[in-house]
Structure formats: C-alpha cells, structure tokens
Amino acid sequence: MVFGWGTSSKTLSSRSILPDNNSMNSNRNKHHPDDLSSIGKPSGTAGTADSSVVSPLRQLLDAVNMSILPHDLRLSSISQACGFFDHRDRMTHDSELREGAAFILYQKLAFALSLSSSHANTTSMTDVVKAAAGPTSGSAGSKSAAAALSALHQRASADASDADHEIALLCSCLEMVHRASPDAIAATWYDIGEDILPLLVRVMERPFIRHQQAQYAARLEKMVEDNMTDPNLTSNKNGKKKTTSKKSSFHNGPIVNRDLKLAVQKVTKLLAMYSLVPEAKFPMAHCPGLLTVLIKIIDTRHMNRRGGGSGVPTRNVGAHGDSSGASFTPVFIPGLIMTEAARFNTIATLTNLAAAEENRITMLAEPSMVDNIARIVQNERSDVARQCSALALMNLSNGDKEHVPEMATELLLETLMTLMKDDVPETRRNAAVALFNVACADENTVRVAQFQNGVILDALMEVVSNDDHDDSRANAAETLFNMACSDAAETLDLMANHPGLLEALAFILQSQSATIDVKMYCAATLRRMAEIIRCPMLAQGALLTALVRASTWSRTPDIAEAMEVHAEFTDNRRTMAQHSGLLDCLAELALTPAGGPKQQQGVLDDPMKRAALSAIEKLARDEDARPLLAHNEGIMTALTRASYGPSGQPQNGEEEESVTSQGRMVQMALKNLVAAM
C-alpha cells in the first residue's frame, strides 16, 4: 500500500494497564488457631517497615511453612496468614516479599494442587464410562455404574469443601502480598515468576475441568438410568408404562463453587501484576495453556452463561454389531460463570501482553482471541472493561501486516464502531487507532468500507467532525486517509461515492475548531480522492465542489495539488473549467502571497502557487476550456504575474536562460489564452 504524505508509521505506541479491583477481595471468615494467637496484624504505618514487623512476619512464615498435616492445621495457618497480609501498606508488603512470603505460599499452593482429587476424578470417570457403555449393560452393569457415579459425586463434594477452600485461601494470600511496589513485584518475578506459571494455569483450569466432569457425569447418570429397570415404572389406566424420574444428584449444588471462582479471580489479578514487568511479557504469552485458559475466562458467549448444550455419550459399534469398542465422545458444554473481576483482570493481562511486539503474532494465532475480547464490549457493563478491551484491540491490531487481515471480522468491525461512539474519550481514541491499524491491509479496507453500507465511514466522519477531543478526531481523520491510500479499487470506489464524505472533509477544512493535524489529514484525503475520481464518475461533481470550498486552506499545498493532479487527465479539463467557482479558486491560490522566506524567492518557488499554476497550464491545453480561462480576469492576472521574475521585471536576455521549465509552460499557456480571447 502506498501511504503517501503524512504517514511515517502505521500505528501508535501501545500502552499497559493494571486494574484496581482490590475491593473484590474475599471476605470469608478466617480461623485463628490458638498456637498462632500471638501473631498480630501489622500496624501498617505508611512509609515504615521496622524490625518490629519483621519478627512476627518471620514467625508466621515459619508456621505456614511447617504446617503440612493434618489438613485442619494447614488450613488454620493459611487463614491466619490471610488476616496478617490483608492490609494496604505497600512498604510492608515489600518486606513480606523480601522475606520470602511468595516462595512459601507458592510452595503450599503446589502442595495443595498435588493433593487435590481432580486427577483421581478423571481416572474414576474412565471406569464409569466402561461400566456404563460396556457389554454388561443390563441391570448388574447399570447398578455398578450407578454406584461408581455416586462415589464420584461424593469425592467431588469432599474436594469442593477441602481442596477448593485451601487453594482459594492461598491464592488470596498471594494476591495480598503482591500489593507491593512495582520493583518488589518485578524482583519476585525475576526469582520465581516463570517457574510458577504452570501452577497458576492449573488453578485457572480447575473450574473448567470440574464443570466438564460434572456435565459428563450427569449425562452418564442419565444413560445409566435409561439402562436400568426403573422400580417406579407403573401402568396407567390405558395400560401404558409411565416413568417417575428423580433429579440427578449432580444438579443438587453449584458445579463451580465460590472458592473456585475466587481462586481464579485472585490468580488473574496476580497475572495482571506480573504482566506489567517487561521481562515477564514474553514467557507469559508463550507459557503452554496460559492464553487458552485466559480466553475461556473472558468467553462471555460460550463459557460464562448458564444453560445446557449438545453432546451425549456415544458408543462405537463394531463391525459385527457389538458395542465392545464403546467410547465416550468428549463434548464441552457451556455453563460456567466467572466473576466480572476475573474477566476484567484477564482482559488487563491480555492488553499488557499484547503491548509487547514479540507476543502479537502468537496471540493473534490463538483461536477466538480477538472475538472474545470484542464480545467484552457487547456484554460487559463496566466502562473500564470496555476501555480495556479497546486498548487490547489496539495493541493486538498493531501487529505483523500478514496477520492483520485475520482480524477484520464482522464482530470486530461492529465492536470498533460501537467503541467509537463510547462516552469515554480514551475509548474512542483507542478504537480509532485500532481501526487505523486494521485498515493498513488492503483486504481489510474493503471490508471496512462495505460494512453495513458504509456505517463505519459515517462513524469516522462523525468523530472527525464533532468529537470534543482532538486526539480522537486526529486518529479518525488519519484512518480515513489511510483507507484512501489503499490499492484496492473497490475501497476507493466506495469511499468516492459515499454520500457526504467529500463534503464533510471540505467543511472540516473551513472549521475553526479542528486542529491543524485533523485538517492536514482531511486535505491529504481530498488530494488522494482527486487522483482516483475521473470523468464521467458521478462523484466528480462532489469532488470539485469540495475542492472549491476547501480552497481557503493554504497551510499545505494539498488542495492546489488536488486540482493539478485532477487536471492531468484530459477528460477532466473541460468539466473543471466549467465548474462554478473553480477557476476563481485556482486564480486565488496562484495569487496568494507566500509567507516567510518564500516571498523573497519568487512565485514558482512556492509549492502551492506552483501547483495552482501547473493546473491552469494543463487546463489551457484543452481547446474547449481556453475561452473560459481567457475570459477569467483572475486567471490572466495570475499567469501574467507568474511570467515576470522575482524583481518584477520581464525575463529577457540572460535572465531568460534561467527560466524554469514551468516558467516556460506558463508563458506558453498565457500565449494560448491570449490567442483565444
């Protein structure tokens, strides 16, 4: 794509953000064991971290570190730690990190995860599938499967009440001690950050695994009940059997409990903190499974709404009609609901990771990454979440040109259009920049111009014309210019014929409120439109009218150059000469005094005058246009003055040898017009 004037780079710099959702911390009642009763909460005097705080801190960390078994002792020590770390003294948290609080808590988290029964439940599920789908599918086999299902439910309930709560408390403690200064968080990352990423991924995956297992078990239970002889079967008065079904034991409580959600919320807050460390961005984006589970957390269409889905256990029937090769078809069922805070932390993490250029290709290659970020805009009520989504899309779109076309989906374009109408100026700006980045690829410019019959073009014009913030207006104007520089003929045709576009650009150049940057992009866009619009296109009349109205713009030579490039084509010249007011505007541009040093250099050294005179000279080549030019007083005055040198005297003798090629063309044009009078 040829960008022409005014675009030295295609994107604006990315920025990082970090959410502040400390108000969403857990308020669960904490246990205070007798053996740690002497350990009090730090006074938290701002700006101090003396030795009186270090001693109880060391005692607490040693107690947590030594509390291994039984489970109640371990849980009590962690609960006491939650009470100790729950404060807002940043310097005290710095001391806690220096004393190794994060090391000990991550060690306990790894131990708790290893004790959790998630892997045991997966093994039991295999046995249940075999029992339910095997050849003994009669009463005995079904009862065996029912017993296995009941045992599975009991183990899942025990895990929810023990391991889930312990892991949630540990994640809460970790989030608390990381309320430290950026330098302390960075130091913690340098020590252990990359090694603990797999642990954090496992914590975030647990709700999804639990949800999947519960859904599998519910469907297996239904299949088992269908294979059993139901003792509740009776006959009605018509002699037909009727069934009185009982509610599945797997629907008696929430599949994903509060502790699972809280753990995910705290871990995503930790990741948002780590994502601000420059050295952490690359390993986080390339950690196996991290991006995948983050996408699940923000998936508001599939993963975060209640309700069932399709997919049941199936059997693979062998060649002889038997079912000895029975297997379970794994189908992921929607139904998980994550907290708004977890989704906000996640979108902040993705935004920060996308700010690193080396991560964007990897993130764009992740399935449904962009679509799920776009859905945040449609589904979240928080203005901050929408702002984060706009910034994330801006960062992701600032990627490799080969990957940009993959982003121009209907959902993304609709989202960006929505964001450009947002009440927050920063959100509108980020959306305009994202749209500019997307429009850097020719394939995308066609989709942008076509989208809903040009609704994005209308939105861009609205921002450029009426937005209260100069940055948003400048970014929107730059986007229009970038699209006009496309090599796609369809894009240019759609822009040239879009109702009101050329007129709006001209009015902006006459506006008193628009900044210089906005006007420069609008003038450059008009110049580009003059290159592609030709006679007998319907848009030619609108273009010439726009150029006449915009002729008062003299800060750059774009309008004069637009008339010059349009007069380059023979078919355009007669229409230009006949258009009302165009010759007067050309004469005025050619007679406008040049400012600064150019006034001492002569007429032909000024770019705007030179372009205007060149346009007049080209129009004078057309025989039908000559009489119109010859009878225009301003045109004849401009040509006459241009034929004189800087001193105001006619150029003759030795001076004639130094006359530029354009000066000779001006003299030729003047001669032709005098002959046509």
Side-chain angles (χ1 to χ4, degrees), residues 9-19 182 189 193-194 197 200-201 204 267-300 342-377 380 384-409 411-413 415-416 419 426-441 444 475:
S9 61
K10 300 178 184 177
T11 57
L12 300 184
S13 59
S14 303
R15 298 190 295 174
S16 297
I17 58 173
L18 177 64
W189 168 264
E194 191 168 353
L197 287 179
L200 301 182
V201 171
M204 291 185 291
V267 166
T268 53
K269 182 64 177 292
L270 286 172
L271 291 175
M273 296 176 184
Y274 288 144
S275 66
L276 290 173
V277 181
E279 291 79 6
K281 297 180 186 294
F282 183 83
M284 288 181 65
H286 292 79
C287 175
L290 180 62
L291 292 179
T292 301
V293 72
L294 289 179
I295 292 174
K296 291 179 182 179
I297 294 173
I298 63 171
D299 189 348
T300 54
R343 292 195 297 272
F344 177 55
N345 295 335
T346 301
I347 195 66
T349 302
L350 294 174
T351 301
N352 295 338
L353 296 181
E357 185 176 356
E358 61 271 18
N359 289 341
R360 292 171 192 147
I361 302 299
T362 301
M363 298 180 70
L364 287 174
E366 193 70 26
S368 70
M369 166 75 75
V370 175
D371 286 351
N372 282 321
I373 294 177
R375 291 190 188 98
I376 294 290
V377 177
E380 294 292 348
V384 180
R386 292 162 60 88
Q387 185 177 354
C388 290
S389 298
L391 186 54
L393 292 174
M394 185 190 79
N395 285 346
L396 285 173
S397 63
N398 184 14
D400 189 276
K401 184 177 180 180
E402 296 179 358
H403 291 76
V404 172
E406 300 176 7
M407 296 184 60
T409 62
L411 176 60
L412 175 66
L413 296 180
T415 300
L416 293 178
L419 290 173
E426 187 72 11
T427 301
R428 296 196 300 271
R429 172 196 172 275
N430 294 338
V433 175
L435 189 58
F436 168 80
N437 294 336
V438 171
C440 286
N444 289 342
N475 291 323

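When side chains are defined from C-beta on, Arg428 does not count as touching Asn475, because their heavy atoms never get closer than 4.5 Å. At a threshold of 4.5 Å between non-hydrogen side-chain atoms, the residues Leu393 and Leu412 count as touching.
Checking Leu364, Leu350, Thr292 one by one against Met369, the side chain to side chain contact (heavy atoms under 4.5 Å, CB included) holds for a single residue, Leu350. For the side chain to side chain contact (heavy atoms under 4.5 Å, CB included) criterion with Thr351, the lone passing option out of Asn395, Leu396, Thr346 is Asn395.
Across every non-hydrogen atom of Val201 and Cys287, the tightest pair is CG2-SG, 4.1 Å. Nearest heavy atoms, Ala280 versus Tyr274: CB-O, 3.3 Å. Residues Glu358 and Phe282 approach most closely at CG-CD1, 3.5 Å, considering heavy atoms. Shortest non-hydrogen contact noted between Lys281 and Asn359 is O-ND2, 3.0 Å. Considering every non-hydrogen atom in both Met284 and Leu271, the closest pair reads CE-O, 3.5 Å. The nearest pair of heavy atoms linking Leu197 to Pro283 is CD1-O, 3.9 Å.
Atom CZ of Arg360 is separated from atom CG of Asn398 by 4.0 Å, given to the nearest 0.5 angstrom. Rounded to the nearest 0.5 Å, atoms CD1 (Ile373) and OG (Ser368) are 9.5 Å apart. Residue Ile347 holds its CD1 atom at 12.0 Å from OG1 of Thr268, rounded to the nearest 0.5 Å. With values rounded to the nearest 0.5 angstrom, Lys296 atom NZ is found 12.0 Å from Asn372 atom CG. His286 contributes atom NE2, which lies 10.0 Å from atom CE of Met363 (distance to the nearest 0.5 angstrom). With values rounded to the nearest 0.5 angstrom, Leu435 atom CG is found 7.5 Å from Leu413 atom CG.
Of the possible donor and acceptor atoms, one in the side chain of Asn352 sits under 3.5 Å from a partner among the backbone N and O of Ala348. The backbone N or O of Ala272 lies less than 3.5 Å from no partner atom in the side chain of Asn345, so there is not a single donor-acceptor pair.
Heavy-atom neighbours of Glu357 CD from other residues, nucleotides or ligands within 6.0 Å: at or below the threshold of 12.
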Carefully, step by step, assess Ile376 and Ile298 under the rule side chain to side chain contact (heavy atoms under 4.5 Å, CB included).
CA-CA 7 Å; Ile376 294 290; Ile298 63 171; 4.1 Å; yes
